[in-house]
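Before any comments, here is the structure.
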Amino acid sequence: MTEQRTLVHLETENNRADEAREVLKLLRGDLEYQNRYSGPIETWRSAAPDAPTQIVMYLKGDVQQEVESRLSAMSPSFEVRVVVWEELDL
């Protein structure tokens with residue numbers, strides 16, 4: 001059996017990480033996280049204020065269109081990528 005999930009990923013400067021996490025929380029709205037460890041979480045972060053920081057969240061199912069619709073209404077100053085993939089559920 002395969003399971004679909006949607007990855008929402010953004011990269012920003014370290015000094016804007018809190019703002020970026022809030023954008024991801026607003027994008028999520030009432031959509032379900034993949035599991036309780038699904039975000040928004042930082043996958044890479046440096047101590048320098050202007051260093052790049054990557055933040056992701058995983059949502060249950062194929063919700064790419066819903067997330068992209070919300071994203072277009074928000075016009076955040078971050079580049080946000082939305083990807084859907086299937087994972088084999090073992």
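Position 1 is the first residue of the sequence; numbering continues from there.
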Is [Y] close to [X] at the side-chain level, that is, under 4.5 Å between some pair of heavy atoms?
| X | Y | value |
| --- | --- | --- |
| Leu7 | Val82 | no |
| Glu13 | Thr53 | no |
| Arg5 | Trp85 | yes |

- Task: Just grab all the ring-ring contact (aromatic ring centres under 6.0 Å, His included) pairs involving residues 2-33, residues at least two apart or on different chains.
- Result: none
Decide whether [X] and [Y] are clustered together by the hydrophobic rule: side chain heavy atoms of Ile, Leu, Val, Met, Phe, Trp, Tyr closer than 4.5 Å, transitively.
| X | Y | answer |
| --- | --- | --- |
| Met74 | Val63 | yes |
| Tyr58 | Leu10 | no |
| Ile41 | Val8 | no |

Straight-line distance of [X] [atom1] to [Y] [atom2], nearest 0.5 Å:
| X | Y | atom1 | atom2 | result |
| --- | --- | --- | --- | --- |
| Leu71 | Gln65 | CG | CD | 13.5 Å |
| Arg70 | Leu27 | CZ | CG | 7.5 Å |
| Leu59 | Glu66 | CG | CD | 10.5 Å |
| Gln64 | Ser69 | CD | OG | 12.0 Å |
| Glu42 | Asn14 | CD | CG | 7.5 Å |
| Gln4 | Lys60 | CD | NZ | 12.5 Å |

- Note: Asp18-Lys25 ion pair, threshold 4.0 Å (strictly below): no
Strictly distance-based, threshold 3.5 Å: is any side-chain N or O of [X] a donor or acceptor partner for the main-chain N or O of [Y]?
| X | Y | value |
| --- | --- | --- |
| Arg21 | Ile55 | no |
| Ser38 | Met57 | no |
| Thr12 | Ala20 | no |

- With sequence neighbours left out, write down each residue that passes side-chain contact (heavy atoms from CB on, under 4.5 Å) with Thr43, or none if nothing qualifies.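 So Thr43 forms a side-chain contact (heavy atoms from CB on, under 4.5 Å) with Gln54, Val56.
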- Message: How about CD on Glu19, more than 12 heavy atoms from neighbouring residues, nucleotides or ligands closer than 6.0 Å, or not?
- Response: yes
- Item | Shared-cluster residues of Val84, by chain and number - hydrophobic side chains joined below 4.5 Å |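 Members besides Val84: none; it forms no cluster.
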